[in-house]
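To keep things clear, I will list the structure first and then write my remarks on it.
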There are 4 protein chains.
Amino acid sequence: MEKDKIVSSVKDQELIKMRRDQMIKGAITLFKEKGFHRTTTREIAKASGFSIGTLYEYIRTKEDILFLTCDAIYDQVRERVESAFDLEHPSRENLINVMKSYFYLMDELQEEILILYQEVKSLKKETRKYVLQKEQDMVRMLEKVIVNCVPEPLTKKEVSLIANNIFIEGHMWGFRRWILQKQFTLDEYIELQITMLLKMLPGEHESLRKGGN
Amino acid sequence: MEKDKIVSSVKDQELIKMRRDQMIKGAITLFKEKGFHRTTTREIAKASGFSIGTLYEYIRTKEDILFLTCDAIYDQVRERVESAFDLEHPSRENLINVMKSYFYLMDELQEEILILYQEVKSLKKETRKYVLQKEQDMVRMLEKVIVNCVPEPLTKKEVSLIANNIFIEGHMWGFRRWILQKQFTLDEYIELQITMLLKMLPGEHESLRKGGN
Amino acid sequence: MEKDKIVSSVKDQELIKMRRDQMIKGAITLFKEKGFHRTTTREIAKASGFSIGTLYEYIRTKEDILFLTCDAIYDQVRERVESAFDLEHPSRENLINVMKSYFYLMDELQEEILILYQEVKSLKKETRKYVLQKEQDMVRMLEKVIVNCVPEPLTKKEVSLIANNIFIEGHMWGFRRWILQKQFTLDEYIELQITMLLKMLPGEHESLRKGGN
Amino acid sequence: MEKDKIVSSVKDQELIKMRRDQMIKGAITLFKEKGFHRTTTREIAKASGFSIGTLYEYIRTKEDILFLTCDAIYDQVRERVESAFDLEHPSRENLINVMKSYFYLMDELQEEILILYQEVKSLKKETRKYVLQKEQDMVRMLEKVIVNCVPEPLTKKEVSLIANNIFIEGHMWGFRRWILQKQFTLDEYIELQITMLLKMLPGEHESLRKGGN
DNA sequence: GATGAATGAGAGTTCATTCAT
DNA sequence: AATGAATGAACTCTCATTCAT
């Protein structure tokens, strides 16, 4: 994993993992609240439960923390998605279930996703690329589900676009919450997005409303 | 307009407008490149063609510049949209034209839109609200076009959701360009998004592909 | 007068006097409130009723304003003292009257005196000397009154010390007002100070309490 | 003590005391020379023997330094006064000794006292009040000495006024030194002030000139 | 491995002063 | 004579980073 490229003067790998997890947890809390730039390394150290000196034993620059954080957020998303998605049993039903899981997840992780939208740009080119790759992996999973679950054929481009649309519709629920969440409950939002999607997909237009949550 | 709330020690209103325009232009260039936080007021002054002292004759804090900039970006969007949208002649054709104009515009203003996504959060609550209102106005216009152009009735919520979807699909072209623009040309992207949309709208499913640009 | 050494690019002497008077009036108001250093030249210009550009037509540096102001305060003191003191008719009665006038004056000019105490140090050596000379003139007047009014002889040093004591007892009423003015009314303060003084002066110890106010 | 309200990001209390002492020492030197406003925080840091960053580890604002300084000056005065005053053995002799000690002290601390006169006004209301309270404590001590040492009774107001007079006569030696110190040696000044005072106090008028220094 | 005091470059902001109009 | 926009040196304060203990 790329994250191993972040050097630490500590040797014990387990300790590194533990300290970095603390650090990420503290950082996420703070970034949600005030963003990366307005958060100081001292604050992160404090929120992580150790001293500023210790913080710098496990990273080299403040940007490392941002990277670790973004990385962790995507790992979290992937982990959750993977455990929820049943990629083995293709069916329209399944597509609906996947979308529901995905939207629920995005609801839970609203603020974390916001961090990605706002701060990824502050990463160095190389690390940014790495993080964005993870994002793309996520889209690929959606593509796979679509391909598997929709009987009649779609072009590659169609699949990709649909996947991307679903992807950001999940994010939108969070980053436009101030307006969307006034108009819709989460369930309404999900149901309506799914309905819309199904209308545009080829195939019979019945059998919705069954993939329970 | 709210922007009058930003105090300037200079009295000549025309001069204020001129200097602030220079300032916004300089700021946008820099914000595109390095974001708000990594840009210094001195750099903005320089890019605007005047001294740091002069800069502060026209604003009070660095955040004022961010506000002015966000505000200007939305004004620009609205202005362009208003002049392009023919809200008088409702027709499916027209809806297509509006979407095309909108997507083209979003292509042009990719980086400006990115600024909004990344920096609006840094605004104070009150100013943020003001800026987000402008965003919402934009969505309302899309809603109107949809209502006018689609013969068969849609519920309010459907209209709103469709408008929001179109809205961020426009943004997505910019903020996910590193992936989308590898797979699609702008025209392909637009055409496909429009096709998808039309499929989901009620009414005859023919007569696309004609609203030339 | 030394104040002519302050150069003005304006020629008309009357105009200079008028503008400088406005300036001093504005400056005193502001200095009372926030002191010399916390007051900006712009504020002084505004309080004086003209523009910053005009301000600088009548002085050369901000310190000039301080000098003019201190100078004016002393002129005001002297003027008032001279008109109130009857130096021609020496008598114990007269000494009492002079002291009363002086204390009343110091009560009126409390804040102006405070300015002197706080800001004279900010003057350049040469101008400071000039201002302090005026202060000394004031003490000399008190000395004269003492010499004239006290029948039995005092040494020069005694006279000087008594004059200096009276002088600062007047100031003290202002600069220690937060404590003195809680304990004494002005009239009590004056009466008590005079009583004390008379006790220490040689000569009959009667005939006080008559020099009405 | 109020000074604990000034926050430091350093935790070690002894270190805080040490660094602040350095800081106060540096600040006093500079304030004597050029006053608070003309002294920069960098200069203070330098004079204190550490960097600007370190300075700000021990205070939060420049005004904190002024407060600390004023506070320290008064502590110094009190400490010295307390150790010199023999409040246990009331006698006219003792009053004389106390006054002598006080005047000698004021001679030593001339410039420090000047700082108080000139800069206390720059403190925030609350801190100013605190500092002025210390001043008042000093006056109270003088009152006590007077009450204890003078056999025949004086009214409360008389005592208070005499104490205040002595108090500022001590200061006057410093802030009017340019004139007083030309006319008097310190010992002359003290002797004369004491003589004057005794003349005004009730009781036998002999037995001066003996309370050695 | 952990700590936290020390550092100083660099940030935002102010304001006395000038000068073209 | 009056104006006020322009200037930039200088100020206070912050914070990522280091390193001796």
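Source: prediction; values computed, not measured. A, B, ... follow the sequence lines: proteins, then strands. Residue 1 opens every chain.
- Arg128(A) has no carboxylate O lying under 4.0 Å from a charged side-chain N of Glu135(A), or vice versa, which leaves the two without a salt bridge.
- Side-chain contact between Lys62(D) and Phe36(D): present, with at least one pair of heavy atoms (C-beta onward) separated by less than 4.5 Å.
- A salt bridge is absent between Arg20(C) and Glu57(C): the closest approach of a Lys/Arg side-chain nitrogen to an acidic carboxylate oxygen does not fall below 4.0 angstrom.
- With respect to the salt-bridge test (charged N to carboxylate O, under 4.0 angstrom), the residues Glu112(D) and Lys32(D) qualify.
- Across all their heavy atoms, Thr61(B) and Tyr56(B) have their closest contact at CA-CE2, 4.4 Å.
- In this structure, Tyr58(C) does not reach the dA1(F) phosphate: none of its side-chain N or O atoms is under 4.0 Å from OP1 or OP2.
- Atom-to-atom, CD1 of Ile59(D) to P of dC13(F) comes out at 7 Å; the value is rounded to the nearest Å.
- No more than 12 heavy atoms of other residues, nucleotides or ligands lie within 6.0 Å of NZ in Lys46(D), so this atom counts as exposed by the packing criterion.
- Thr61(C) comes within contact range of the sugar-phosphate backbone alone, with a heavy-atom separation under 4.0 Å but no base atom that close.
- Per the geometry, CD1 belonging to Ile65(A) stands 10 Å off C1' belonging to dA16(F), to the nearest Å.
- Of all the residues in residues 28-48 of chain B, Thr39(B), Thr40(B), Thr41(B), Arg42(B) reach under 4.0 Å from DNA chain E with at least one non-hydrogen atom.
- The backbone N or O of Leu123(B) lies less than 3.5 Å from no partner atom in the side chain of Thr127(B), so there is not a single donor-acceptor pair.
- Separating the CD1 atom of Ile52(D) from the P atom of dT12(F) is a distance of 8 Å, rounded to the nearest angstrom.
- Looking at Arg19(B), its side chain never comes within 3.5 Å of a backbone N or O of Phe50(B) through a donor-acceptor pair.
- Remark: Glu43(D) engages Lys34(D) in a salt bridge, criterion side-chain N to carboxylate O under 4.0 Å.
- Between Thr54(A) and the phosphate of dG1(E), there is no side-chain N or O to OP1/OP2 separation shorter than 4.0 Å.
- Which of dA5(F), dG4(E), dT7(F) sits closest to the side chain of Ser51(B) comes down to dT7(F).
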(request) Please assess Tyr117(B) against Leu114(A) for the test side chain to side chain contact (heavy atoms under 4.5 Å, CB included), listing each intermediate value before the final yes or no. (result) CA-CA 9 Å; Tyr117(B) 270 82; Leu114(A) 258 173; over 6 Å; no
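- The strand DNA chain E forms stems, runs of 3 or more Watson-Crick or G-U wobble pairs with distances below 3.5 Å, at E:2-21 with F:2-21.
- Between the side chain of Asp21(C) and the main chain of Met18(C), no donor-acceptor pair closer than 3.5 Å is present.
- The NZ-C1' distance, from Lys11(D) to dA5(E), rounds to 11 Å in whole Å.
- Map Ser9(C) and Arg60(A) each onto its nearest nucleotide of DNA chain F; the residue landing nearer the 5' end is Ser9(C).
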Please enumerate all protein N or O atoms sitting under 3.5 Å from an N or O of nucleotides 19-21 of chain E, with distances to 0.1 Å.
none

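- Closest to the Lys62(B) side chain, of the nucleotides dT7(F), dG12(E), dT17(F), is dG12(E).
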